[in-house]
Amino acid sequence: MSNDPALQRGRVVTGHGRHYVVEAGDGSRITCHTRGKKSDCVVGDLVRWRASGDEGVIESVEPRRNLLHRQDEWKTKSFAANIDQLLVVVAVEPVFSESQLARALIAAERAGIPSRVILNKRDLPGFEAQRRRLDPYVAMGVEVLELTLKHAPDEARARLAPLLDGRATFVLGPSGAGKSTLVNLLVPGARATTAEISHAMNTGRHTTTTTEWYWLDAARSSALIDSPGFQEFGLRHIDPQELAGLMPDIRAHADCRFYNCTHLHEPGCGVRAAVEAGAISESRYRIYREIRAELAPG
């Protein structure tokens, strides 16, 4: 099928239901749909599609380099494919959930996607307290950028530009953290693009509940992928025995007496010894136990 001259190669830049906007090699965009009822495309997918009247039909999805997704008890939610890094935006206000941050980083680690964190609203009074909450993440090698996106936009652009250059960056963040401010700061035409896509897909509204791929440069070498907010971040796709290896600080101390140690109650556990010694923070160990209980209840 890949040798069919009628098939064109493109990238999925947003989707709504079974309809997707696909960007062709020349930068033009067309609304496409998949065959049948099953919809297994995600933003970032490279696809083969053929023209069909004013729209297109997606015939196949090329193998993905990676896929960032979450999974709870009932369903799997895919965020995006073929991305180079994850950027998690948290803020001094509203106070962020460390559990949600940890879960996003675990999902990225499993997908082989490097991560960075932005601590936004550096100008607010509670900054030092929130900075201290991120100390364990800095200690285990996560880069944390302290910014004020709204009130110091030029500094934010200058610091982010080299980190985003030549990469496809997926942005996650809770409501109110400043994710929309970040996207509008780096992609001045983001709102207009969103409105155009909404019109093209006949949704009649801004597609704020969908993931969208924005280019940051005319050469289309750097991209920002905006995502909808979420309340929960399930990790049911991860095996319980795999969890410790996806948390760098836990992994670093998992030199235990038993090879299949759960790090919960066994004698000779290196992880629990590290918690007692202060080498692993209480909050990080609490999150490990919380997620472990979800993955292996009972």
Side-chain angles (χ1 to χ4, degrees), residues 70 85-109 113-161 163-164 169-186 226-235 243-244 246-253 263 271-294:
R70 57 188 172 93
Q85 64 182 342
L86 171 67
L87 190 61
V88 185
V89 183
V90 297
V92 174
E93 288 180 10
V95 174
F96 63 90
S97 162
E98 189 187 342
S99 176
Q100 295 291 65
L101 170 61
R103 288 163 183 267
L105 297 179
I106 289 167
E109 180 93 6
I113 300 167
S115 302
R116 287 187 168 93
V117 175
I118 288 179
L119 177 58
N120 189 26
K121 308 183 185 180
R122 187 183 58 193
D123 53 328
L124 295 184
F127 171 70
E128 282 300 331
Q130 300 312 311
R131 171 195 250 174
R132 283 196 298 274
R133 292 180 67 205
L134 291 174
D135 282 347
Y137 297 84
V138 175
M140 67 189 197
V142 177
E143 183 178 3
V144 176
L145 291 95
E146 299 169 353
L147 301 172
T148 303
L149 294 168
K150 190 171 183 179
H151 301 299
D154 292 340
E155 179 201 359
R157 276 196 207 93
R159 291 187 63 189
L160 288 168
L163 304 179
L164 304 178
T169 304
F170 188 81
V171 185
L172 270 180
S175 177
K179 187 165 62 67
S180 295
T181 302
L182 172 70
V183 172
N184 289 320
L185 180 69
L186 297 171
D226 188 18
S227 62
F230 56 88
Q231 298 302 316
E232 301 296 331
F233 201 118
L235 296 172
L243 178 62
L246 299 174
M247 300 177 72
D249 48 349
I250 306 289
R251 181 175 67 223
H253 294 93
H263 316 306
V271 169
R272 286 191 297 121
V275 175
E276 289 172 15
I280 296 174
S281 76
E282 290 281 356
S283 66
R284 287 283 295 170
Y285 184 58
R286 184 180 66 249
I287 289 168
Y288 169 78
R289 284 185 297 146
E290 167 194 301
I291 298 172
R292 189 76 164 61
E294 288 175 17

Test item: side-chain donor near acceptor, Ser97 and Ser99, under 3.5 Å: no
Atom [atom1] in [X], atom [atom2] in [Y]: separation rounded to 0.5 Å?
X: Thr181; Y: Leu149; atom1: OG1; atom2: CG; answer: 6.5 Å
X: Ile280; Y: Met140; atom1: CD1; atom2: CE; answer: 10.5 Å
X: Ser281; Y: Ile287; atom1: OG; atom2: CD1; answer: 7.5 Å
X: Gln130; Y: Lys121; atom1: CD; atom2: NZ; answer: 11.5 Å
X: Arg133; Y: Glu128; atom1: CZ; atom2: CD; answer: 14.0 Å
X: Phe170; Y: Leu86; atom1: CZ; atom2: CG; answer: 7.5 Å

Trace of the side chain to side chain contact (heavy atoms under 4.5 Å, CB included) decision for Leu182 with Val171: CA-CA 9 Å; Leu182 172 70; Val171 185; 3.8 Å; yes
Nearest atoms (heavy-atom pairs only) where [X] meets [Y]:
X: Ala244; Y: Ile250; answer: CB-CG2, 3.8 Å
X: Pro94; Y: Gly176; answer: CD-O, 3.5 Å
X: Phe96; Y: Ala91; answer: CD2-O, 3.5 Å

Stepwise side chain to side chain contact (heavy atoms under 4.5 Å, CB included) check, Tyr137 with Val117: CA-CA 9 Å; Tyr137 297 84; Val117 175; 5.9 Å; no
Is there side-chain contact between [X] and [Y], with heavy atoms separated by less than 4.5 Å?
X: Leu87; Y: Ile118; answer: yes
X: Val89; Y: Leu172; answer: no
X: Arg284; Y: Glu98; answer: yes
X: Tyr288; Y: Leu243; answer: yes

Quick one: do [X] and [Y] make a salt bridge, cutoff under 4.0 Å?
X: Glu155; Y: Arg122; value: yes
X: Glu143; Y: Arg116; value: yes
X: Arg251; Y: Glu109; value: yes
X: Glu290; Y: Arg103; value: yes
X: Arg131; Y: Glu146; value: yes
X: Arg132; Y: Asp135; value: no

Any donor-acceptor pair under 3.5 Å from Lys150 side chain to Asn120 backbone: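 Absent.
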Under 3.5 Å donor-acceptor, Gln85 side chain and Leu163 backbone: yes
Tyr285 six-ring centre to Arg272 NZ/CZ under 6.0 Å and within 45° of normal: no
From CA spacing to verdict: side chain to side chain contact (heavy atoms under 4.5 Å, CB included), Leu119, Leu147: CA-CA 6 Å; Leu119 177 58; Leu147 301 172; over 6 Å; no
Check against side chain to side chain contact (heavy atoms under 4.5 Å, CB included), Arg70 and Leu235: CA-CA 6 Å; Arg70 57 188 172 93; Leu235 296 172; 5.7 Å; no
